[in-house]
Amino acid sequence: MDKTKRSGRYATTVPEAFYQTTPIYYVNDQPHLGTAYTTVVADAFARWHRTVGDEVFFLTGTDEHGLKIARAAEERGRSPQDWVDEASSWFVDAWSKLEISNDDFIRTTEARHTTAVQQFMQAIYDNGYIYKGEWAGWYCVPCEAYYDEADLLPGNSCPIHERPVEWIVEENYFFALSRFTDRLLSWYEDNPGVVLPVSRRNEALGFINQGLKDISVTRTAFDWGIPVPWDSDHVVYVWYDALINYATAVGYGTDEATFAHLWPSVHHLVGKDILRFHAVWWPAMCMAAGIAPPQQIVAHGWLLVGGEKMSKSRANQIIPTELADDIGIEALRYHLLRDVTLGHDGDFTYEGLVARYNADLANNLGNLLQRVATVVGSKCAGVGPAPHSPEATPLAAVAVEVVDEVRRAWERAAPQDALEATWRLVHEMNAALEEAEPWKMESGPAVEAVLGDALEVLRLVAILASPAMPEMASEIFRRIGESGRPDAPGRAAIVDGQLGWGHYQAGNLVTKGEPLFPRRRIEPSGS
Ligand code: ME8
């Protein structure tokens with residue numbers, strides 16, 4: 001169904017379905033911490049939305065066509081298909097290790113994608129937005145994009161990859177992007193939250209206001225791509241092919257009912273390097289094909305190493321799975337979500353990772369859990385007591401504020417604020433324990449109420465931290481005797497959810513185990 005027709009102005013509806021995507025990654029090399037960062041953040045959004053009760057569909061995948069991939073295969077003496085089959089499996093494996101909960105993994109060499117791309121292209125062609133022309137320009141193969149001469153660095157180098165671009169002349173089909181300027185501007189005006197954070201929205205508007213040029217969307221110089229349906233001498237330009245993956249995966253061209261259900265409830269998470277493609281080209285392509293543009297595009301900054309972008313071409317990548325082996329998968333996830341302000345660049349250091357781990361996980365949360373389990377063991381025979389009623393403890397009001405802030409933080413695409421707020425509750429609870437010193441008290445109602453509060457805080461924190469640390473949060477639930485998982489669908493729903501104060505089940509068996517987050521010294525293990 002074409003939802004754009006309902007309003008005629010591409011206004012988006014507020015659906016219950018929540019379709020989260022990551023970029024599809026080029027298979028010219030291994031996944032690194034930069035691509036892992038995007039994927040972990042998208043995963044946390046998907047997990048949060050499942051927990052609040054939304055119907056989530058979470059997609060990631062690999063971008064397998066184009067000159068860059070054809071050359072990567074050639075350099076290794078492999079056929080492109082053989083190469084992409086191997087390289088895409090590295091991403092599947094890495095994401096599985098990092099606990100990425102994707103519902104689907106799309107590869108652009110799949111038959112379903114060929115069907116969708118050809119149908120999408122044909123729709124745009126039939127609607128009169130594609131024409132034939134000649135193109136000459138500076139092309140960066142790693143970006144798979146043309147550059148204006150004015151945007152190049154000295155020596156005709158790409159501003160992102162800092163290596164020389166190539167002069168390419170082609171006869172191609174063009175997409176009439178320039179005809180979408182007004183429609184894009186009014187779409188932005190009607191949908192103030194469509195690009196987050198606001199700084200990235202302004203950047204996207206800047207691209208449009210600079211003036212939009214038509215884009216060449218087919219190639220003839222090589223054939224590693226999807227054939228253009230009306231002219232088989234051409235293959236579809238890799239970016240045009242890649243963007244359509246978001247429609248393919250929810251049934252465009254193959255399953256119209258699923259597509260009508262999930263589109264346009266799509267939330268794209270991308271790095272700032274590909275904002276223009278997602279916030280300008282892609283909505284215009286959707287409009288041209290007669291479908292609604294996406295509901296939201298969230299763009300994050302770069303992870304830097306020593307002040308430089310971490311990237312395949314700079315060979316300064318950090319391998320995320322090695323880091324996860326060293327510090328723990330969920331500690332790494334927590335650090336990426338907590339210490340990078342989404343939208344800004346973040347400098348990655350091993351010292352920063354360990355410092356955050358020790359402060360928040362070992363000292364604060366880990367210590368709270370360990371202390372509470374020990375004292376419930378010694379003062380309450382291992383049986384969890386009930387918390388104070390909300391009127392009887394200031395912690396209940398703190399919990400209400402924290403839950404509210406966490407909800408708002410996820411809505412404004414600020415996971416760092418959601419986790420910071422959650423840890424405020426941990427801090428307050430530790431301070432309350434220091435004050436009451438239940439380990440010095442006699443067994444009885446007074447000690448029970450203090451420990452009941454602490455168990456309730458641990459229950460709430462497990463739910464709120466579960467998008468970052470699903471398995472650790474589950475282990476906390478297990479140790480405080482709560483049944484099920486903290487991230488069960490709907491657990492954090494506003495209506496009938498369990499984020500209010502006082503849901504901890506008195507009478508649960510509390511168990512003490514090994515510390516969840518043993519304190520770390522600064523050296524990577526094995527060094
Ligand atoms: O651009 N810091 O794929 P790609 C943070 N195939 N994020 C980083 C990063 C860093 N240092 N380096 C990479 C492509 N990323 C296209 C996308 S989508 C239809 C097609 C992340 O393998 C970030 O999300 O070059 C960036 O946008 C993406 O990886 C680029 O991945």
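Keep in mind that the numbers below use all heavy atoms, side chains included, and drop hydrogens, waters and symmetry copies. In each ligand, atom 1 is the first atom listed, and ligand 1 is the first ligand listed.
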Would you say the ring centers of Tyr173 and Trp230 fall short of 6.0 Å from each other? yes

Under 4.0 Å, heavy-atom basis, I'd like to know which part of Leu303 is in contact with ligand 1: side chain, backbone, both or neither. both

Does Phe174 have its ring centroid less than 6.0 Å away from the ring centroid of Tyr237? no

So is Gly301 touching ligand 1 or not, going by heavy atoms under 4.0 Å? yes

Under-4.0 Å heavy-atom contact with ligand 1, by part of Phe277 that carries it: neither

For His278, state whether at least one heavy atom is located under 4.0 Å from any atom of ligand 1. yes

Identify whether the distance between the nearest side-chain nitrogen and carboxylate oxygen of Glu144 and Lys68 falls below 4.0 Å. no

Are any of the N or O atoms of Ala242 closer than 3.5 Å to those of ligand 1? no

Return yes or no for this condition: an N or O of Val270 is under 3.5 Å from an N or O of ligand 1. no

Are any of the N/O atoms on Tyr26, whether in the backbone or the side chain, positioned under 3.5 angstrom from an N/O atom of ligand 1? yes

Test of proximity, Asp63 against ligand 1: N or O pairs below 3.5 Å: yes

Can you tell whether the side chains of Arg408 and Asp417 come within less than 4.0 Å, N to carboxylate O? no

Answer yes when Asp43 and Arg47 have at least one side-chain N-carboxylate O distance shorter than 4.0 Å, and no when they do not. yes

Between His300 and ligand 1, which residue portion shows a heavy-atom distance shorter than 4.0 Å: side chain, backbone, both, or neither? side chain

When only distance counts, is Ile24 in polar contact with ligand 1, meaning an N/O pair under 3.5 Å? yes

Measuring centre to centre across the rings, with the benzene-like ring taken for any Trp, is Trp138 within less than 6.0 Å of Trp167? yes

When you measure from atom 24 (O) of ligand 1 to each heavy atom in Leu33, Thr21, Thr38, which option holds the nearest one? Thr38

Going by heavy atoms, is Tyr246 under 4.0 Å from ligand 1? yes

Where does Asp273 meet ligand 1, judged by heavy-atom distances below 4.0 Å: at the side chain, the backbone, both, or neither? side chain

Tell me if the aromatic rings of Tyr252 and Phe120 count as close, with their centers under 6.0 Å from one another. yes

Would a line drawn from the ring center of Trp95 to the ring center of Phe105 be shorter than 6.0 Å? no

